[in-house]
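Notes follow once the structure below has been shown.
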Amino acid sequence: MKMYKIIFKSKTAFFRNDVTSTSYQESFNCPPLSTIYGMIAAAYGEYRYDVDMGYVFEYEAKCVDYELTLSKLNENNKNYFKYKRIYEKYINDDRFDRNDILRGCMGTQPIKREILFNCTLTLYISKKEIAESFLNPYYSLLLGRSEDLVKIACKPREIELIDTEQPFNFGKTIIPFKIGKWIPGRLSKLNIEIFDEFPRKIKRTDIYNIVDKVWTNQKFYEYVKIDPELNLGIYIHKGKSEKASI
């Protein structure tokens with residue numbers, strides 16, 4: 001099976017688990033499909049769900065960091081009109097940050113966030129024009145937040161993924177639950193498609209097994225292709241025929 005292989009590097013990455021509380025934001029250990037499709041859209045200039053692709057994701061360390069977010073009031077907030085002109089009362093009060101008051105912000109909120117460090121994403125794409133679009137992307141390539149910038153470590157090149165009938169190594173990726181339910185990992189509901197209108201809403205999800213370690217002697221031969229360079233089984237996510245404008 002011919003695919004185009006691209007290797008990306010990122011200093012940090014963050015794939016938020018929406019189930020976690022607001023004050024503690026957990027990161028999945030592998031990117032969901034929505035992140036990969038988002039990278040493709042950023043490179044190609046429009047969403048492309050009609051491409052077959054697979055990927056392997058690795059990181060060196062995970063830590064928890066503190067971040068401060070501004071809590072800003074808007075007209076839909078019941079206290080908006082109550083505090084709309086609060087700066088007139090507290091403009092000379094040293095207890096408040098002047099810039100926060102002028103912008104209608106009522107202080108900061110501390111958040112604990114898990115962050116993955118020194119990340120490597122190996123991406124396999126079936127279509128040449130999409131793979132080559134990463135060389136001159138329309139938008140910045142991200143692995144999570146706007147600060148999680150990605151660079152290309154190895155340019156797109158054609159590779160032959162091979163079939164196997166021998167037990168193989170598999171891991172550091174995600175796989176649909178119905179196929180990979182017997183592999184040790186973490187079952188999670190992950191996003192696949194997200195509407196591009198603001199505010200962003202989830203369009204399609206599914207249950208996946210996040211296999212963040214490599215496991216030997218796997219035998220679901222019909223669902224994977226082998227990368228001989230990594231000696232690793234690659235699950236290929238099949239694309240859809242339609243595409244949507246970004």
Side-chain angles (χ1 to χ4, degrees), residues 2-17 25-45 47-48 51-65 67 113-161 169-175 185-186 188 190-192 194 208 210-215 224-237 246:
K2 290 184 179 181
M3 300 287 281
Y4 293 89
K5 182 177 180 178
I6 321 167
I7 300 177
F8 303 92
K9 297 284 188 179
S10 176
K11 289 295 184 182
T12 60
F14 174 69
F15 315 115
R16 182 178 178 179
N17 180 357
Q25 296 183 359
E26 179 186 5
S27 174
F28 292 120
N29 291 342
C30 285
L33 288 178
S34 58
T35 297
I36 305 300
Y37 284 127
M39 284 185 61
I40 293 174
Y44 192 76
Y47 279 105
R48 292 292 299 268
V51 58
D52 297 345
M53 57 90 172
Y55 60 94
V56 176
F57 179 79
E58 303 173 87
Y59 65 94
E60 290 185 10
K62 177 193 284 189
C63 78
V64 177
D65 196 9
E67 291 188 4
R113 175 176 284 135
E114 294 182 349
I115 301 175
L116 310 179
F117 284 93
N118 292 337
C119 308
T120 301
L121 173 68
T122 304
L123 181 61
Y124 305 84
I125 294 181
S126 61
K127 295 192 176 184
K128 183 178 181 180
E129 70 273 16
I130 296 179
E132 291 182 342
S133 68
F134 284 98
L135 298 174
N136 188 24
Y138 274 77
Y139 306 99
S140 299
L141 305 178
L142 306 173
L143 274 175
R145 307 163 299 168
S146 59
E147 55 263 48
D148 299 321
L149 294 170
V150 175
K151 68 177 182 179
I152 295 180
C154 184
K155 295 180 179 180
R157 60 186 177 88
E158 191 175 285
I159 184 175
E160 185 73 27
L161 301 183
N169 301 327
F170 184 84
K172 297 184 179 180
T173 189
I174 67 173
I175 187 170
R186 175 178 179 176
S188 297
L190 300 179
N191 298 335
I192 301 174
I194 298 178
Y208 289 88
I210 302 174
V211 187
D212 58 355
K213 297 181 180 180
V214 174
W215 300 92
V224 301
K225 303 293 182 181
I226 305 299
D227 181 345
E229 298 175 351
L230 298 179
N231 189 27
L232 196 65
I234 308 299
Y235 178 80
I236 304 300
H237 301 269
I246 191 169

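Below, all heavy atoms of this structure are taken into account, side chains as well, without hydrogens, waters or symmetry copies. Numbering of residues begins at 1 and proceeds along the displayed sequence. For clarity, every value in this text was computed on a predicted model and none was experimentally measured.
- In this view, F134 and F8 satisfy the ring-ring contact (aromatic ring centres under 6.0 Å, His included) rule, not counting sequence neighbours.
- Evaluation of the side-chain contact (heavy atoms from CB on, under 4.5 Å) rule for K213 yields W215 as partners, not counting sequence neighbours.
- Applying the ring-ring contact (aromatic ring centres under 6.0 Å, His included) criterion to F28, with sequence neighbours excluded, gives no partner residue.
- Remark: I174 CD1 to I210 CD1 distance equals 7.0 Å, nearest 0.5 Å.
- Residues satisfying the salt bridge (charged side-chain N to carboxylate O under 4.0 Å, His left out) test with K62, not counting sequence neighbours, are E114.
- Note that the CD atom of E229 and the OG1 atom of T122 stand 10.0 Å from one another [nearest 0.5 Å].
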task: Report the C-alpha separation of L161 and I236 in whole Å, then their side-chain angles, then the decisive distance to 0.1 Å, and conclude whether the side chain to side chain contact (heavy atoms under 4.5 Å, CB included) test is met.
output: CA-CA 10 Å; L161 301 183; I236 304 300; 4.1 Å; yes
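- A search for salt bridge (charged side-chain N to carboxylate O under 4.0 Å, His left out) contacts involving D227 returns K5, not counting sequence neighbours.
- Residue Y138 qualifies as open at atom OH: its count of foreign heavy atoms under 6.0 Å is 12 or below.
- The closest side-chain heavy-atom distance from S27 to L116 is below 4.5 Å.
- Looking only at side-chain heavy atoms (C-beta outward), S10 and L121 stay at 4.5 Å or farther from each other.
- Remark: I192 engages L33, Y37, R204, D206, Y208 in a side-chain contact (heavy atoms from CB on, under 4.5 Å) (not counting sequence neighbours).
- For D148, the side-chain contact (heavy atoms from CB on, under 4.5 Å) partners two or more places apart in sequence, or in a different chain, are T12, F14, R145.
- Listed by chain and number, the residues in a side-chain contact (heavy atoms from CB on, under 4.5 Å) with K2 are E158, E160 (sequence neighbours excluded).
- Considering only residues two or more places apart in sequence or on other chains, F15 meets the ring-ring contact (aromatic ring centres under 6.0 Å, His included) condition with F57.
- In terms of the salt bridge (charged side-chain N to carboxylate O under 4.0 Å, His left out) criterion, residue partners of R186 (sequence neighbours excluded) are, by chain and number, E26.
- Between I125 and M3, every side-chain heavy-atom pair lies at or beyond the 4.5 Å cut-off.
- Taking the side chain to side chain donor-acceptor pair (under 3.5 Å) definition, one finds that Y59 meets it with N29, sequence neighbours left out.
- Applying the side chain to side chain donor-acceptor pair (under 3.5 Å) rule to pairs touching residues 126-137 yields D50-K127, sequence neighbours excluded.
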